[in-house]
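Take a look at the structure below.
Computed from a predicted model, the values in this text were never measured in an experiment. Basis for what follows: all heavy atoms, side chains included, without hydrogens, waters or symmetry-related copies. Residue numbers begin at 1 in each chain, while the letters A, B, ... track the order of the sequences.
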There are 2 protein chains.
Amino acid sequence: MNTLAEENYLKSIYHLSLNAESVSTNQMAALLNTKASSVTDMLKKLAEKELINYTPYQGVTLTAAGEKIAINIIRKHRLWEFFLVEKLNFKWDEVHEMAEEMEHISSNELIDRLDKFMGFPKYDPHGDPIPDCDGKFKTHDLKPVSAIDVNAGGVICGVRDHSPAFLQYLEKQGLTIGKQICVTDIIEFDRSMVLQMENKTVQISREVANNLLITL
Amino acid sequence: MNTLAEENYLKSIYHLSLNAESVSTNQMAALLNTKASSVTDMLKKLAEKELINYTPYQGVTLTAAGEKIAINIIRKHRLWEFFLVEKLNFKWDEVHEMAEEMEHISSNELIDRLDKFMGFPKYDPHGDPIPDCDGKFKTHDLKPVSAIDVNAGGVICGVRDHSPAFLQYLEKQGLTIGKQICVTDIIEFDRSMVLQMENKTVQISREVANNLLITL
DNA sequence: TAAAAAATTTAGACAAACCTAAATATTTTA
DNA sequence: TAAAATATTTAGGTTTGTCTAAATTTTTTA
């Protein structure tokens, strides 16, 4: 199997690949809290194992084998997050660090049974899709609240920022997964948005609107 | 916190200390599947951290701080084993290796909530006591079946050998935790023992009788 | 109780994953 | 399009935890 460090690199490449064609050394260094030179070392190792496509100075992409491993780690991460929230009653802002450790428990049999135990959930506590045991998943078509107009609305289905600070703020405002919202006004001065919810009105900054995702 | 290797050394010292005053370098090397010289290196490091009492050539014991860490790891191991068997329906011979990884998940809040989720179990699937969140636990007073006489009996409450092969054998014979047994005969030739159970009779070797524990 | 055997420690190396500093390649900009 | 700025890689080191081989200490045994 792969080392913990290798798994974390593959996972990072996967996440960064969602927003770009290929991933740069510096992007990875920033995400992994390490130095570019350390990243280069590891990229050589992963290329040697044929888990990534790497040409010096040109960035990297995952091979099919590398992607499969990355998705499996993400599956584990999200299933453990679901477990922590649904079975152990943790809040959605508390589970990331724990799942970061638990995603490296190696047994696939274990994770498949955990999946079954919880009733094969499709989304984790932050609205991110949980890959099934074959690595398949569908992302629903989401947009940031900031991308919709006055009088439009939808259901909160995800977040872009997963930081505890942001999640705690949303919780406090009642802006949690599944809630219906409608934009009633956009303040011209700073483009902050006024949202109508079932039983109250909240005003959120553009920054928050950018990081809150809804389905139409 | 401590590294994975440090945690495994502390746990090993704890387990080996149960059968002896102090623990030798070679005993540890055997249990940890490593070399005596590697053990010596680690012992110096653990002594430096004041987790063990170590005088060269004289073996080691845990300090109070070291024992606390060891017991916490054992608590995690046994709670995860309980979870795997009771919630995910694994068999008692399948869970050791998985728990060996899971015992290193760092969060104590997580393990305390898991404990609560399962109703604060007192014994793991092999009959070993689960330390509570303060590290306290009672071992019930067990003896090997081999230590009792004809017409004596008791309830199966533990095993000495935790190997899958032994556990699978016991399972097949119906000799599982909680079963009532009574010794009806001891064969003079090889001192194997005939056991009367609720609805059947089984004959076990001296070796098996030595590794099967009962309460009187 | 001295020699032999066994156990333990020390010395010197190695791989993994990281680091800093220097060199090189690419991209930006004037 | 050449110089400057930025990004990336290379070179050389460090730490952790392991190893083998040699040295030393303890224990056993004759």
Sequence neighbours excluded, every pair satisfying salt bridge (charged side-chain N to carboxylate O under 4.0 Å, His left out) that has a member inside [range]:
{"range": "residues 49-59 of chain B", "result": "B/E6-B/K49"}
{"range": "residues 59-78 of chain A", "result": "A/R75-A/D112, A/R75-A/D115, A/R78-A/D124"}
{"range": "residues 79-101 of chain A", "result": "A/K11-A/E100"}

Inset, instruction - Return the orientation label for the B/W80 and B/F83 ring planes: parallel under 30°, perpendicular over 60°, tilted otherwise. - result: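 If you compare the ring of B/W80 with that of B/F83, the planes turn out perpendicular.
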Partner set under salt bridge (charged side-chain N to carboxylate O under 4.0 Å, His left out) for [X], not counting sequence neighbours:
{"X": "A/R206", "value": "none"}
{"X": "A/R160", "value": "none"}
{"X": "A/K116", "value": "none"}

Inset, instruction - For this output row, return yes or no: ring centroids of B/H96 and B/H77 closer than 6.0 angstrom. - result: yes
Inset, instruction - Report the nucleotide, chosen from C/dT9, D/dT9, C/dA7, that has the shortest atom-to-atom distance to any side-chain atom of B/N26. - result: C/dA7
Listed partners of [X] passing side-chain hydrogen bond (donor to acceptor under 3.5 Å, both in side chains), at least two apart:
{"X": "B/D41", "value": "none"}
{"X": "A/S192", "value": "A/D190, A/Q203"}
{"X": "A/H15", "value": "none"}

Rounding to a whole Å, what distance do you find between [X]:[atom1] and [N]:[atom2]?
{"X": "B/N2", "N": "D/dT15", "atom1": "CG", "atom2": "C1'", "result": "16 Å"}
{"X": "B/D41", "N": "D/dT16", "atom1": "CG", "atom2": "C1'", "result": "10 Å"}
{"X": "A/L43", "N": "D/dT10", "atom1": "CG", "atom2": "P", "result": "11 Å"}

Inset, instruction - Give a yes/no answer on whether the side chain of B/K44 brings an N or O atom under 4.0 Å of OP1 or OP2 in C/dT9. - result: no
Legend entry - Residue whose closest nucleotide on DNA chain C lies nearer the 5' end, B/P56 versus A/P56: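 By nearest-heavy-atom nucleotide position, the 5'-most residue is B/P56.
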Inset, instruction - Using heavy atoms and a sub-4.0 Å distance, could you list which residues of residues 27-39 of chain B are near DNA chain D? By number, please. - result: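 Close to the strand are B/T34, B/K35, B/S37, B/S38.
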Inset, instruction - Could you list by number each residue of residues 3-12 of chain A showing a heavy-atom separation from DNA chain C of less than 4.0 Å, or answer none if no residue does? - result: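 Of all residues in residues 3-12 of chain A, the ones placing a heavy atom under 4.0 Å from DNA chain C are A/T3, A/A5, A/Y9.
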Pairs under 3.5 Å (N/O, protein and nucleotides 22-25 of chain D):
residue : atom : partner : partner atom : Å
D/dT25  : O4'  : B/Y57   : OH           : 3.4

